[in-house]
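Following: one structure in structure tokens, then a few remarks.
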Amino acid sequence: MNDVSTVALSPETVMRQMKQNGVTDIVWLPDSETNWLYLLMKADPDLRLVGVTREGHACSITAGLYAGGRKPMILIQNTGMLESGDSIRGWLMGLNVPVVLMVGYRGYTRHGVNTDTAATYTERFLMAFNIPFYLIENDSDSDRITKAFELAERIRQPVVVLVGDEYHGFNR
Amino acid sequence: MMHTAEVLKVFAEHRGDAIVISGRGGRHWMQISDTALDLPLGDPAMGGHSGFGLGLALAQPNKRVVLFDSEGDILMSLGQLPTIAEQAPANFYHFLLDNEVYATTGGQPVPGAKQVDYAGIARASGYPRAHSFTEPEDFSRELPGILAAPGPVFVALKVLPEVENTPIGQRVRWRKRTTDKVVGDLRSALGVA
């Protein structure tokens, strides 16, 4: 029998990590992995949600929030991250914004054989941009979210957490 | 049509202690003010100035945040307008310098250069107030009232294009600070560094 912490990533765990790391604002565009997380975030009076209509917009909004002293986090899917390349370059990397992007890893399969090009290019994109990233698949991986925050602060650059838990956990 | 320098000069008289994101008016605004509350960001990535302004306004609700955006940027990120309207920062003043062209690339017209009603788009996106001006006298007369009322407000200004044809590598750099230094200076001034 599997320990539940090793088979699913619970939204409560992600929220706990956000709170532990002092996140004040979530700049996000919903994807199929985050609907339950949305309910939790919305219920938290200390967390501001800024919904965007295109993922690249999240980068400039985040840069503005950071410039004004807030601690934002970006929550998007890998498809949107691919679309956001120039905004990541210019507004996050160019302005030395130490932000964590939690990115839904659409198409991810642990065995590496996928049929979704969104997954095919995700890690290659990050490597091309020289953006450090961590992969989390279940609750037992969640301390990597804190490691991502710590790294972002240390290098004053964006760091990505890939969420490889597409089909359960967040969705319930 | 107005001159961008003229628009900024009029605004400067009413600026107060606002944070100013000078956007495409940066070269002219530098001649007026270049303090830690002035953000000559250049062009980090086209289309993002409005988002940056929104984020800054949300982060600093007790400071007025003024942005001089461009129509090329707006067209690239029309979807930012509903987000700004939804967040509705009362301290955000969103000015648009509409010269109808991509001036830094030689003056090619933007799509719909003569047809797009930017104030109408802002209003339809949920901005509670939006204005359009083509004449400096009208702008000068109405500006104090616009700045005295709460935001978010959108102000579309028709300005004359100042087309640059010099190859980019040969252009004289007008910014004195790097973009990350501009942000660092602001954070220090706000006490959030």
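Quick note on labels: first sequence line is chain A, next is B, and so on, each numbered from 1. Keep in mind it's a predicted model, so treat the numbers as computed, not measured.
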Legend entry - Neighbour count above 12 (heavy atom, 6.0 Å) for A/Lys19 NZ: yes
Legend entry - Minimal non-hydrogen separation, B/Ala59 against A/Leu65, with atom names: CB-O, 3.7 Å
Legend entry - Atom NE2 of B/His14 with >12 non-hydrogen neighbours under 6.0 angstrom: yes
Inset, instruction - Heavy-atom distances under 4.5 Å only: say whether B/Leu190 touches chain A with side chain, backbone, both or neither. - result: side chain
Legend entry - A/Arg89 side-chain N/O to B/Pro44 backbone N/O, donor-acceptor pair under 3.5 Å: yes
Inset, instruction - Sort out for me which of A/Gly51, A/Ser87, A/Pro72 touches chain B most, counting heavy-atom pairs under 4.5 Å. - result: A/Gly51
Legend entry - same_hphob_cluster(B/Tyr118, B/Ile21) at 4.5 Å side-chain heavy-atom cutoff: yes
Inset, instruction - For A/Arg70 and B/Leu58, indicate whether the former's side chain and the latter's backbone hold a donor-acceptor pair under 3.5 Å. - result: no
Legend entry - Residues, nucleotides or ligands: over 12 heavy atoms within 6.0 Å of A/Phe125 CZ: yes
Inset, instruction - Go through the atoms of A/Ile88 and report whether side chain, backbone, both or neither lie under 4.5 Å from a heavy atom of chain B. - result: neither
Legend entry - Spacing of B/Asp180 atom CG and A/Asn96 atom CG [to the nearest 0.5 Å]: 4.5 Å
Inset, instruction - Answer with yes or no whether the hydrophobic clustering places A/Val14 together with A/Val100; edges join I, L, V, M, F, W, Y residues whose side-chain heavy atoms lie under 4.5 Å apart. - result: yes
Inset, instruction - Consider only side-chain heavy atoms of I, L, V, M, F, W and Y, link residues closer than 4.5 Å, and tell whether A/Val52 and A/Leu92 are in one cluster. - result: yes
Inset, instruction - For B/Gly51 and A/Ser60, work out which heavy atoms get closest and say how close. - result: CA-OG, 3.6 Å
Legend entry - A/Thr53 and B/Thr83, any side-chain heavy atoms less than 4.5 Å apart: yes
Legend entry - Atom of A/Trp91, atom of B/Ala45 and distance for their closest heavy-atom approach: NE1-O, 3.0 Å
Legend entry - Close side-chain approach of B/Ser77 and A/His57, heavy atoms under 4.5 Å: yes
Inset, instruction - Using a 4.5 Å cut-off on heavy atoms from C-beta on, say whether the side chain of B/Gln87 contacts that of A/Arg48. - result: yes
Legend entry - Cluster overlap B/Leu97 with B/Phe95, hydrophobic side-chain contacts below 4.5 Å: yes
Inset, instruction - May I ask you to name which of A/Thr62, A/Val50, A/Asp25, A/Asp86 has the most heavy-atom pairs under 4.5 Å with chain B? - result: A/Val50
Inset, instruction - To the nearest 0.5 Å, tell me how far B/Glu86 CD sits from A/Leu49 CG. - result: 9.5 Å
Inset, instruction - Apply side chain to side chain contact (heavy atoms under 4.5 Å, CB included) to B/Ala85 and list each qualifying residue two or more places apart in sequence or on a separate chain. - result: B/Tyr127
Legend entry - Portion of B/Leu41 that has a non-hydrogen atom of chain A nearer than 4.5 angstrom: side chain
Legend entry - Shared hydrophobic cluster, B/Leu39 / B/Phe11 (ILVMFWY, side-chain heavy atoms < 4.5 Å): no
Inset, instruction - Only counting residues at least two apart or in another chain, list the ones meeting side chain to side chain donor-acceptor pair (under 3.5 Å) with B/Arg171. - result: none
Inset, instruction - Sort out for me which of B/Gln80, B/Met46, B/Gln60 touches chain A most, counting heavy-atom pairs under 4.5 Å. - result: B/Gln80
